[in-house]
There are 2 protein chains.
Amino acid sequence: MSFENLTDREKRVLQNLIVHYVQTADPVGSRVIANKYRMGLSPATIRNTMQDLEELGLIAQPHTSAGRVPTDTGYRVFVDTLLKAEPLTEADRGKIKVLMSGSKGGIDAILGQASKVLGEITSQLGISIAPRFDEGVLTRLDLIPISEGKILVIIAVKSGLARSILMEFESGIPIDELRQMELVLNERLSGLTLGHIRKTISERLADTGLSPKLLKLFVNAESEIWQDRNQSILHATGTDNLIKQPEFADRDKLSSLMKALEEKKELIEFINSKSIGEGIVITIGSENDLDQMQSCSVVASKYRAGNVSGTIGIIGPTRMPYSRLISIVEYTAKSLTKALSGS
Amino acid sequence: MSFENLTDREKRVLQNLIVHYVQTADPVGSRVIANKYRMGLSPATIRNTMQDLEELGLIAQPHTSAGRVPTDTGYRVFVDTLLKAEPLTEADRGKIKVLMSGSKGGIDAILGQASKVLGEITSQLGISIAPRFDEGVLTRLDLIPISEGKILVIIAVKSGLARSILMEFESGIPIDELRQMELVLNERLSGLTLGHIRKTISERLADTGLSPKLLKLFVNAESEIWQDRNQSILHATGTDNLIKQPEFADRDKLSSLMKALEEKKELIEFINSKSIGEGIVITIGSENDLDQMQSCSVVASKYRAGNVSGTIGIIGPTRMPYSRLISIVEYTAKSLTKALSGS
DNA sequence: TTTTGGCACTCTCAAGTTGAGATTGCTAAA
DNA sequence: TTTAGCAATCTCAACTTGAGAGTGCCAAAA
């Protein structure tokens with residue numbers, strides 16, 4: 001399983017092969033590696049090494065008389081052990097700075113902008129996922145009567161997130177009662193995380209003198225108010241980049257990938273499940289749980305907004321310039337954290 | 001310019017040709033029309049008629065030995081004068097009902113659901129555009145302190161819309177002052193439309209005893225708070241349907257269309273500019289202002305949410321089953337209006 | 001023992017060829 | 001006014017062909 005015992009030569013061949021393949025998208029032959037990358041060896045020798053690498057499952061031949069292409073495992077080894085961190089170019093850094101600073105008007109707009117920046121700079125699909133509210137600390141809860149039987153619930157969370165939910169009842173509710181409710185809710189709940197609230201809501205509101213009819217809506221732990229499924233927002237920008245990639249020449253493949261992208265819920269769950277710890281997380285091809293993404297890689301990183309955190313990153317074909325992308329995603333995540341936290 | 005003086009036969013040929021072409025996507029020959037549609041005429045006669053229609057610019061030949069395909073003008077005549085309203089099937093009506101009723105949790109979620117419904121049922125790209133806030137009546141405005149130098153402004157509008165904007169200052173603001181501000185703003189502004197507020201804000205807040213530093217943010221008519229550019233949200237669902245259409249076999253074309261779809265601002269402006277009056281609006285191929293949409297048609301309709309209104313519809317290749325789509329979009333718009341207004 | 005040159009072998013891909021099939025426009029007859 | 005007949009045109013899929021790329025392996029060289 002471990003590929004630590006690769007010879008130095010094998011490593012260099014793998015590295016050069018991947019670098020070249022990422023650029024050209026064409027299977028790489030022994031001659032190219034021997035000549036273009038000046039390894040001081042003849043193509044024949046390279047060929048022998050390539051045979052070894054193929055036996056190890058790191059590279060593969062599309063057909064007999066073609067060069068080799070990296071396998072998912074090959075990319076994995078490359079990413080884990082061979083990757084040289086490529087520093088961000090001054091140009092890229094500048095672009096990110098400019099584009100990220102120009103975005104105002106609420107976290108949602110900023111996240112949209114972030115995904116756009118990522119998509120544009122990397123020529124991949126840029127994505128951003130809004131923070132999960134579960135860890136968010138409630139700062140204020142508003143109840144706004146809309147019409148007979150409808151109220152708008154607004155939940156504001158520390159660090160500038162807010163979301164609104166439209167609730168319905170059978171019958172109208174006196175405005176006084178609503179005010180009262182609002183007061184009590186704010187009093188008893190603000191300062192707590194939404195996750196915490198969900199678990200303890202029934203106890204916390206047990207002894208209020210409020211109308212049980214109204215109360216029922218909030219006390220229910222299953223109430224939509226305290227859930228954040230349906231609510232984590234996913235932005236994805238740069239599908240046109242994806243379409244241009246040769247790996248998506250197959251329309252069916254492209255179509256099913258796009259469908260998966262629109263099925264946001266699953267995608268969000270998947271990406272969140274991978275991006276647990278700190279730092280960059282890379283998922284390559286068959287490592288992806290989603291069927292439609294078996295030929296894609298994901299480079300993702302967390303960002304913070306106060307004490308909640310979300311994920312941004314890029315999606316593209318497994319053949320992607322990992323080292324460059326890592327720097328970009330990393331830096332963008334940092335910029336985003338900065339833009340969202342109290343600067 | 002007017003095609004009212006088409007002979008009866010010409011009309012029938014055009015009609016049958018379009019119906020057949022929409023189904024098959026293949027150029028339609030004289031034989032098919034003569035036989036399959038039992039016009040009681042020989043192919044040769046049909047051919048003569050087709051020549052006339054071609055001279056009128058209603059149909060065209062991709063190449064010498066192919067059948068004919070409708071031109072944009074041909075579709076236009078079809079839509080304007082030949083279309084028979086196709087009643088909604090019970091199945092479609094049922095689907096729309098079920099899918100639309102299952103959506104809760106704020107207007108944004110409902111609109112997302114609407115675009116999804118449209119996309120799925122029509123096998124085209126379903127779109128929905130959130131109402132413009134300009135006409136919306138302010139019900140409540142909240143100022144929520146987030147951190148030193150940041151406040152969250154929440155604007156709730158009659159009928160359940162809300163949006164939040166993150167504002168920044170150089171220096172902190174005492175919480176009392178903020179409360180005061182909130183009070184005054186609500187007192188003086190609620191009940192007015194946002195458009196109205198924007199125009200009259202400076203007079204309305206002239207004589208308050210509030211801190212000018214804070215006031216400045218709100219009084220400025222150009223302030224982000226009163227604008228709704230950047231804010232009209234566009235949902236688009238069903239790109240996978242589009243990809244499958246033969247007219248988007250060309251990757252470049254597809255790619256540039258997708259880019260246009262992501263450039264939401266322009267698209268929103270364009271669609272809003274078309275959909276002015278009541279009822280269904282159809283824009284065919286070259287009638288579209290946007291370059292990337294020259295081979296697309298749009299079927300759109302307004303919906304209302306209280307006293308603001310937005311647009312939903314579908315986008316697809318010009319070769320689309322107009323009559324069916326019209327019924328579906330129409331009905332979905334009605335359902336949406338119902339779901340958003342006080343039921 | 002490792003590296004290399006040489007060479008037969010395999011496979012792809014683009015270009016060219018061919019023939020069947022579809023459809024037209026036109027003309028002359030019904 | 002309509003139709004049958006027919007030559008002409010063009011596409012498309014199937015097939016053929018040859019150049020080119022790359023391999024694997026063997027025997028010679030280092």
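In what follows, every chain begins at residue 1, and chains take the letters A, B, ... in the order their sequences are listed.
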How many Å lie between [atom1] on [X] and [atom2] on [N], as a whole number?
| X | N | atom1 | atom2 | result |
| --- | --- | --- | --- | --- |
| A:D26 | D:dG22 | CG | C1' | 13 Å |
| B:M50 | D:dT3 | CE | C1' | 17 Å |
| B:R47 | D:dT3 | CZ | P | 11 Å |
| B:M39 | D:dT2 | CE | P | 11 Å |
| A:I46 | C:dT3 | CD1 | P | 10 Å |
| A:N48 | D:dG24 | CG | P | 9 Å |
| A:E55 | D:dT23 | CD | C1' | 14 Å |
| B:H63 | C:dT23 | NE2 | C1' | 9 Å |

Could you tell me whether B:K259 atom NZ has more than 12 heavy atoms of other residues or ligands within 6.0 Å of it?
no
Evaluate whether atom CZ of B:R251 has more than 12 neighbouring non-hydrogen atoms of other residues, nucleotides or ligands under 6.0 angstrom away.
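Above 12, so yes.
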It should be established whether [X] places a side-chain nitrogen or oxygen under 4.0 Å from OP1 or OP2 of nucleotide [N].
| X | N | value |
| --- | --- | --- |
| B:S42 | D:dT3 | yes |
| B:Q51 | C:dT24 | no |
| B:R9 | D:dT2 | yes |

Decide side-chain contact (heavy atoms from CB on, under 4.5 Å) for B:S128 and B:L118; before the verdict, give the C-alpha distance in whole Å, the side-chain angles of both, and the deciding distance to 0.1 Å.
CA-CA 9 Å; B:S128 60; B:L118 282 173; over 6 Å; no
B:T81 side-chain N/O to B:F78 backbone N/O, donor-acceptor pair under 3.5 Å
no
Run B:N288 and B:T283 through side-chain hydrogen bond (donor to acceptor under 3.5 Å, both in side chains) and show every step you take.
CA-CA 6 Å; B:N288 286 301; B:T283 323; 4.5 Å; no
Should the pair A:Y37 and A:H20 be assigned to parallel (<30°), tilted (30 to 60°) or perpendicular (>60°) ring geometry?
perpendicular
Please give me every residue in residues 64-73 of chain B whose heavy atoms get under 4.0 Å of an atom in DNA chain D, ordered by residue number.
B:T64, B:S65
Salt bridge check: are B:R93 and B:E90 linked by an N-O gap of less than 4.0 Å?
yes
